[in-house]
> 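Take a look at the following structure, please.
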Amino acid sequence: MNRPVTRESYARRLNRVAEHIWAHLDAPLDLAQLAEVACLSPFHFHRIYRAMIGETVAETVSRLRLQRASMELARGQAPIGEIAVRAGYASNPAFTRAFRAAYDQTPAAFRAARRRNSGADPMTVEIQDRPPMRIATVPHKGPPQQIGQAFDRLMAWAGPKGVVMPPAVGVAVYLDDMSVVPPAEQRALAGITVGPEVAGDETVTIHEVPAGRYAVLLYRGPYAQIGTGYEELFGWLPTSGEEPAHAPCVEVNLNDPRKTAPADLLTELCLPLKA
């Protein structure tokens, strides 16, 4: 008699798919191949994936390639044509249409706007007493802008568990000083808030973000340009009369990047302060 297939089993299978997509983002990805990675029937794989991840495989691949392109535009100097080809587009016009549909800007305009437009509302910092957060986490090691890989593995676990955004929120915890530790060695945790009934397992570890006083900046916009928020947050610190605590910064993602336009993403940048 066959053993029943559990939610944990589905989570492990979809986790393998998420890892495979990230590792082969430049290669053709067909459903039969991904179904084989998941050890699921090719006939039903796509419906299972969409039900549990919240988007189609094609939408996942397109989102991740455009997300990577946005990072390359914001942080690098590669020609836009090269970035377009790497993102899977045969021509600059096709890439421009897809990028503008996702980011509401052309690639050239996005690259030029590394900082917010001067007419935009300024980002402000608030001091808040925040409660603790209990999060299920997947580890990430490498450049912070690549933490999306860990979040996709986490979402593959969270979907079958019924842990979704909202009401849960995504949380990133950066464990190393980015100004000192080389990008390839930087450690972080990709997390999602969970209740006390959720336990750690072979995929996730439970981590407690402590309560305390935090300097909080609400950043609105693409993750690729979130560094501008940190510049404002740390620029505020010397004139604030506050001193940072010896604890990592925390990012709280208030909406789901799979369902939200990059320009509308809301992220709380939380800097722990000494009491």
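Residue indices begin at 1 and follow the sequence shown.
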> Could you give me the CA-CA distance, side-chain angles and deciding distance for D26 and R68, then say whether salt bridge (charged side-chain N to carboxylate O under 4.0 Å, His left out) is met?
CA-CA 11 Å; D26 293 321; R68 184 180 62 183; 2.7 Å; yes

> How close do D152 and R63 get, counting heavy atoms only, and between which atoms?
OD1-NH2, 3.6 Å

> The test is salt bridge (charged side-chain N to carboxylate O under 4.0 Å, His left out); show your working for E202 and R12 and say whether it passes.
CA-CA 9 Å; E202 61 186 35; R12 288 194 297 271; 3.4 Å; yes

> Taking it one step at a time, do K274 and E242 satisfy salt bridge (charged side-chain N to carboxylate O under 4.0 Å, His left out)?
CA-CA 7 Å; K274 286 187 176 180; E242 298 288 343; over 6 Å; no

> Please name the pair of heavy atoms, one in W157 and one in T203, separated by the smallest distance, quoted to 0.1 Å.
CD1-CB, 3.8 Å

> At what distance, to the nearest 0.5 angstrom, does CZ of R258 lie from CE of M155?
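Here the interatomic distance stands at 6.0 Å.
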
> I need the minimum non-hydrogen distance between R220 and A263, along with the two atoms involved.
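R220 and A263 have their closest heavy atoms at CG-O, 3.6 Å.
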
> Mind checking the CZ-CG spacing from R16 to L34? Nearest 0.5 Å is all I need.
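Reported to 0.5 Å precision, the distance equals 12.0 Å.
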
> Mark yes or no for whether S62, through its side chain, and A58, through its backbone, hold a donor-acceptor pair below 3.5 Å.
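Checking the backbone N and O of A58 against the side chain of S62, no donor-acceptor pair under 3.5 Å is found.
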
> According to the salt bridge (Lys or Arg N to Asp or Glu O under 4.0 Å) rule, which pairs have a member within residues 32-47, sequence neighbours left out?
none

> Looking at I192, T193, N255, which hits side-chain contact (heavy atoms from CB on, under 4.5 Å) with V169?
T193

> For the backbone of C39 and the side chain of R13, can you confirm whether one donor and one acceptor N or O come within less than 3.5 Å of each other?
yes

> Taking Q186 for its side chain and V181 for its backbone only, find out whether a donor-acceptor pair lies under 3.5 Å.
yes

> Quick check for you: to the nearest 0.5 Å, what is the distance between Y223 atom OH and F151 atom CZ?
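That separation rounds to 7.5 Å.
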
> Quick one: does E231's side chain have a donor or acceptor within less than 3.5 Å of a partner on T228's backbone?
no

> So which heavy atom on L40 is nearest to which on F45, and how close?
CD1-CD1, 4.0 Å

> Would you compute the distance between atom CD of E197 and atom NZ of K161 and round it to the nearest 0.5 angstrom?
10.0 Å

> Can you confirm whether the side chains of E251 and Y230 place a donor and an acceptor under 3.5 Å from each other?
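Indeed, the side chains of E251 and Y230 share at least one donor-acceptor pair under 3.5 Å.
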
> Can you measure from CD1 (I135) to CG (L189) and round to the nearest 0.5 angstrom?
6.5 Å

> Tell me whether E208 at atom CD has more than 12 heavy atoms from other residues, nucleotides or ligands lying less than 6.0 Å away.
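Yes, CD of E208 has more than 12 neighbouring heavy atoms, counting only those of other groups under 6.0 Å.
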
> Under 3.5 Å, is there a donor-acceptor pair between the side chain of T260 and the main chain of P257?
no

> Work out which heavy atom in A215 is nearest to a heavy atom in W236; give both atom names and the distance.
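Minimum heavy-atom contact is CB-CZ3, 3.5 Å.
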
> Compute whether any side-chain donor of one residue and acceptor of the other, for T60 and Y49, lie under 3.5 angstrom apart.
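A donor-acceptor contact under 3.5 Å links the two side chains.
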
> For residues L269 and G229, report the shortest heavy-atom separation together with the two atoms involved.
CD1-C, 3.6 Å

> As an exercise, state the distance from OG of S240 to CZ of F234, rounded to the nearest 0.5 Å.
11.0 Å

> Mind telling me whether F99 and F110 have parallel, tilted or perpendicular rings, with 30° and 60° as the class edges?
perpendicular

> Are the side chain of R213 and the backbone N or O of L273 linked by a donor-acceptor pair below 3.5 Å?
no

